[in-house]
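Only this structure's heavy atoms are used, side chains among them; waters, hydrogens and symmetry mates stay out. This structure is a prediction, so every number in the text was calculated from the model and none was measured. In listed order, ligands and their atoms are each counted from 1.
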Amino acid sequence: MGVKLGILGLGTVGTGTVQLLQDVVGRNPLLQEIEIYRVGVRSLDKVREVELPSHVLTTDLEAIVNDREVDIVVELIGGLEPARSLILTALKNGKHVVTANKAAIARFGAEIFTTANQSGVYVLLEAAVGGGIPVIQPLKQSLSVNRINTVSGIVNGTTNYILTRMQTEGSNFSDVLADAQRLGYAEADPTADVDGLDAADKIAILASLGFGGRINLEDVYCEGIRQVSKTDITYAEKLGFVIKLLAIAKQYTDSSSLSVRVHPTLVPKTHPLASINGVYNAILVEGEPIGQVMFFGPGAGAGATASAVTSDILNLVAVLKTSTTQPNPLLICGHQDYCQISPITELVTRFYARFLTKDQPGVIGKLGTCFGNYGVSLESVVQTGFQGELAEIVVVTHDVREGDFRQALAAIENLEAIDSIPSLLRVL
Ligand SMILES: NC(=O)C1=CN([C@@H]2O[C@H](COP(=O)(O)OP(=O)(O)OC[C@H]3O[C@@H](n4cnc5c(N)ncnc54)[C@H](OP(=O)(O)O)[C@@H]3O)[C@@H](O)[C@H]2O)C=CC1
Ligand SMILES: N[C@@H](CC=O)C(=O)O
Ligand code: NA
C-alpha cells in the first residue's frame with residue numbers, strides 16, 4: 001500500500017516538491033511508494049505549474065490534517081498561523097510531519113516536539129535551514145558525537161543574493177530585492193529576510209541541534225542588512241573584506257553560555273565563507289574531534305528546497321515501512337532545557353566603524369585618545385574620502401568587549417569634531 005501525503009501549500013516549495021514527486025525515474029525507488037493524496041491551497045482559481053487531479057486540490061486544510069487516510073503531512077504554507085495549529089492537529093492525529101517552516105519551529109518548537117513525542121511521531125525539517133543543503137540531519141546524526149563549539153554561516157539566500165549583487169554590480173538594494181522575490185527566494189514578507197529575522201530563526205534551530213538545548217528566540221541578537229551601504233562595501237573591499245550577513249552560535253570557552261547572533265559582518269576575503277555568493281548558503285560547523293566541516297549549496301528556490309523536503313518524506317516512508325514501535329532516538333527531538341545565552345554587550349569581537357568628521361587637524365588623534373580611554377585598540381585607521389565638507393574616517397579595532405566599544409562610541413559622538421557615525425559593523 002502506498003504512503004499517502006497531505007501537502008499543505010502549493011507555492012514555490014510545494015510546487016517544486018510535487019514536481020519532484022511526479023518525476024521519479026532515476027531517483028530513489030522508495031519514491032514510487034508515495035501518493036500525493038491531498039494538496040491544500042488558499043485559492044482554487046490560481047493557475048498552477050503542476051497538474052493534479054481536481055479532487056486532490058482543496059482549500060480545506062483542516063480536513064487534510066484530520067483525514068484518517070493521510071500518513072504524512074507536509075507543511076509548506078509558511079507563517080505562524082494556521083501553520084502551527086495544523087501541525088499540532090496532524091501530530092495529535094498520529095501523523096508524521098515534514099515542514100520547511102523555520103519561523104514556526106523557532107517559536108513553537110517546544111510545543112511541536114513535545115506533541116510529536118507524546119504521539120510517537122516525527123517532525124522532520126531539513127528544508128527549514130539552508131534550503132537544499134543537508135545540515136539538519138548531519139547535525140542530528142553524523143556530527144552528533146562531536147562536542148560542537150561553533151556553528152556559523154550564511155543561512156539566508158535572499159540577503160546573500162542582494163549583498164553579492166551590490167558588491168559585484170554596484171546594484172541598488174531595492175532592485176535586487178525585487179529580483180530575489182521574482183526568483184522565489186524571499187519570504188512572503190521579505191522584511192523577514194532583509195531584517196535578519198529569517199536567519200535568526202535558522203541559527204536558533206542550528207544552535208539547538210549543535211548545543212543540545214532549546215533556544216529562546218528573544219535571546220538571539222539580530223541585525224539585518226538595511227544599513228549596509230555601497231560606501232561600506234567599497235571600504236571593506238579596500239581593507240580586504242567582503243560584507244556578509246552571518247548567523248553565529250558560539251560557545252564561550254570560559255563559561256557554559258552561548259553567543260547566538262545575526263548581523264552583517266566584515267569577513268576576511270581568505271575565510272571560507274567569503275566566497276559564498278548569490279543564493280548559495282554555507283554552514284561551517286566546528287567541533288571536537290572533527291575540526292571544521294562546511295556544508296555548501298543552494299539555500300533557497302523551488303528545486304533545491306524540494307530536494308530537502310522530499311528527503312525527509314523518504315525518511316518517513318522508510319519509518320512507516322519498518323515495523324518497530326520504538327521511537328528512533330536519532331530522529332526525535334528530546335531537548336528539555338534552555339541554553340544560556342549571553343547578552344551582546346559581552347561579545348568580544350573586532351569592529352569596523354565609519355565616521356564623518358569636520359576636516360580639522362588632530363581629529364584622528366582625538367578619536368584614538370577616546371578609544372584608548374575605554375581600552376579599545378585600533379588595528380587600522382583610514383582616511384581616504386570626503387562626503388561634501390566632511391572627512392570620512394574608517395577604523396578597524398582589535399578584539400574588544402562590545403559593551404566597552406559602545407561606551408567609547410558614546411563618548412566619541414559627543415566630540416565637537418564628530419558629525420556622525422553612519423556605520424558600525426562587526427568584523428570576523
Ligand atoms: N521559497 C524558498 O526558497 C524557501 C522557503 N522555505 C519555507 O517554505 C515555506 C513555503 O514557502 P514558499 O513556498 O516560498 O511560500 P509561497 O508563498 O510561495 O507558497 C505558500 C503556499 O501556501 C498556501 N497558503 C498560504 N497560506 C495559506 C492558508 N492560510 N490556507 C491555505 N493555503 C495557504 C498558498 O496558497 P495559494 O497558492 O492558493 O496562494 C501557497 O500555495 C515557508 O515556511 C518558507 O519559509 C524554506 C526554504 C526555502
Ligand atoms: N527566504 C529564505 C528562503 C529559505 O529559507 C532565504 O532567502 O534564505
Ligand atoms: Na537544509
For the 3.5 Å polar cut-off, considering only N or O atoms, please tell me whether A128 and ligand 2 meet it.
no
Indicate, as side chain, backbone, both or neither, the part of N156 found under 4.0 angstrom from ligand 2 when only non-hydrogen atoms are considered.
both
Return yes if a side-chain donor-acceptor contact under 3.5 Å exists between T115 and E111, otherwise no.
no
Please list the nearest protein heavy atom to atom 5 (O) of ligand 2 with its residue and the distance rounded to 0.1 Å.
K102 NZ, 2.5 Å
Nearest non-hydrogen protein atom, atom 7 (O) of ligand 2:
T158 OG1, 2.6 Å
Here the salt bridge (Lys or Arg N to Asp or Glu O under 4.0 Å) pairs for residues 18-32, sequence neighbours left out, are D23-R27
Shortest protein contact, atom 8 (O) of ligand 2 (heavy atom only)
G157 N, 2.7 Å
min-distance protein heavy atom vs atom 36 (P) of ligand 1 -> K46 NZ, 3.4 Å
Ligand 2 and N281, any nitrogen or oxygen pair closer than 3.5 angstrom?
no
Closest non-hydrogen protein atom to atom 48 (C) of ligand 1, residue and atom name please, with distance?
T305 OG1, 3.3 Å
Does any N or O atom in A188 lie less than 3.5 angstrom from one in ligand 1, N or O only?
no
Protein heavy-atom partner closest to atom 6 (N) of ligand 1 - residue, atom, separation in Å:
K102 NZ, 3.6 Å
In ligand 1, which numbered atoms sit nearer than 4.0 Å to a non-hydrogen atom of P82?
29 (N)
V41, I77, N156: member with heavy atom nearest to atom 24 (N) of ligand 1
I77
Counting non-hydrogen protein atoms only, what is the nearest one to atom 14 (O) of ligand 1? Give residue, atom name and distance.
T12 CB, 3.6 Å
To the nearest 10°, what's the angle at the Na ion (ligand 3) between atoms O (G131) and OE2 (E126)?
140°
Describe, in one word, how the ring planes of F296 and Y280 are oriented to each other, choosing from parallel (under 30°), tilted (30 to 60°) and perpendicular (over 60°).
parallel
Could you check V242, L284, I276 and say which one makes a side-chain contact (heavy atoms from CB on, under 4.5 Å) with H271?
L284
Under-4.0 Å protein heavy-atom contact, atom 43 (O) of ligand 1
yes
Is the shortest side-chain heavy-atom distance between Y352 and S423 below 4.5 Å?
yes
Taking heavy atoms and a distance under 4.0 Å, where does A127 meet ligand 1: side chain, backbone, both or neither?
backbone
Heavy-atom proximity to atom 5 (C) of ligand 1 ranks first, among I64, V279, V13, for V13
Measure the shortest side-chain to side-chain distance between T15 and V18 over non-hydrogen atoms and say whether it is less than 4.5 angstrom.
no
Proximal ligand 2 atoms for A300, defined as those under 4.0 Å from one of its heavy atoms:
3 (C), 4 (C)
Taking atom types as modelled, find out whether N328 and Y122 have a side-chain donor-acceptor pair closer than 3.5 angstrom.
no
Is the shortest N/O to N/O distance between A300 and ligand 1 below 3.5 Å?
no
Just to confirm my output: which protein heavy-atom neighbour is closest to atom 2 (C) of ligand 1, and how far is it?
G184 O, 3.6 Å
Between L10 and ligand 1, does any nitrogen or oxygen pair lie at a separation below 3.5 Å?
yes
Would you check if there is a donor-acceptor pair between the side chains of S342 and S257 at a distance under 3.5 Å?
yes
Is a side-chain donor-acceptor pair under 3.5 Å present for Q137 with E126?
no
V129 backbone or side-chain N/O/S under 3.0 Å from the Na ion (ligand 3)
yes
Parallel, tilted or perpendicular: which fits the ring planes of F371 and F355, with parallel below 30° and perpendicular above 60°?
perpendicular
Find out whether the Lys NZ or Arg CZ of R84 is both under 6.0 angstrom from the six-membered ring centre of F108 and within 45° of the ring's axis.
yes
Within 4.0 Å of some non-hydrogen atom of G9, the atoms of ligand 1 are 21 (C), 22 (O), 23 (C), 41 (O)
Positive for side-chain contact (heavy atoms from CB on, under 4.5 Å) with T310, one of N315, L20, T305
L20
Which one of D45, L76, D193, D189 has a non-hydrogen atom at the shortest distance from atom 10 (C) of ligand 1?
L76
Donor on one side chain, acceptor on other, Q251 and N149, under 3.5 Å:
no
Hey, does A186 come in under 3.5 Å of ligand 1, counting only N/O atoms on both sides?
no
Tell me whether ligand 2 is touched by G299 - counting only heavy atoms on the residue side and a distance under 4.0 Å.
yes
Only heavy atoms of S43, strictly under 4.0 Å: list the atoms of ligand 1 that pass.
38 (O)
Considering only protein heavy atoms, which is closest to atom 45 (O) of ligand 1, and at what distance to one decimal place?
E187 OE1, 2.7 Å
Protein heavy atom under 4.0 Å of atom 17 (O) of ligand 1
no
Does I133 put an N, O or S atom under 3.0 Å from the Na ion (ligand 3)?
yes
Does L61 approach ligand 1 within less than 4.0 angstrom via side chain, backbone, both or neither, non-hydrogen atoms only?
side chain
Check R48 against ligand 1 and report side chain, backbone, both or neither, counting heavy atoms closer than 4.0 Å.
side chain
Just distances here: any N/O of R42 and N/O of ligand 1 closer than 3.5 Å?
yes
Using heavy-atom distances only, which candidate in A128, G11, G14 approaches atom 21 (C) of ligand 1 most closely?
G11
Among all protein heavy atoms in this structure, tell me which lies nearest to atom 7 (C) of ligand 1, with the distance rounded to 0.1 Å.
A100 O, 3.4 Å
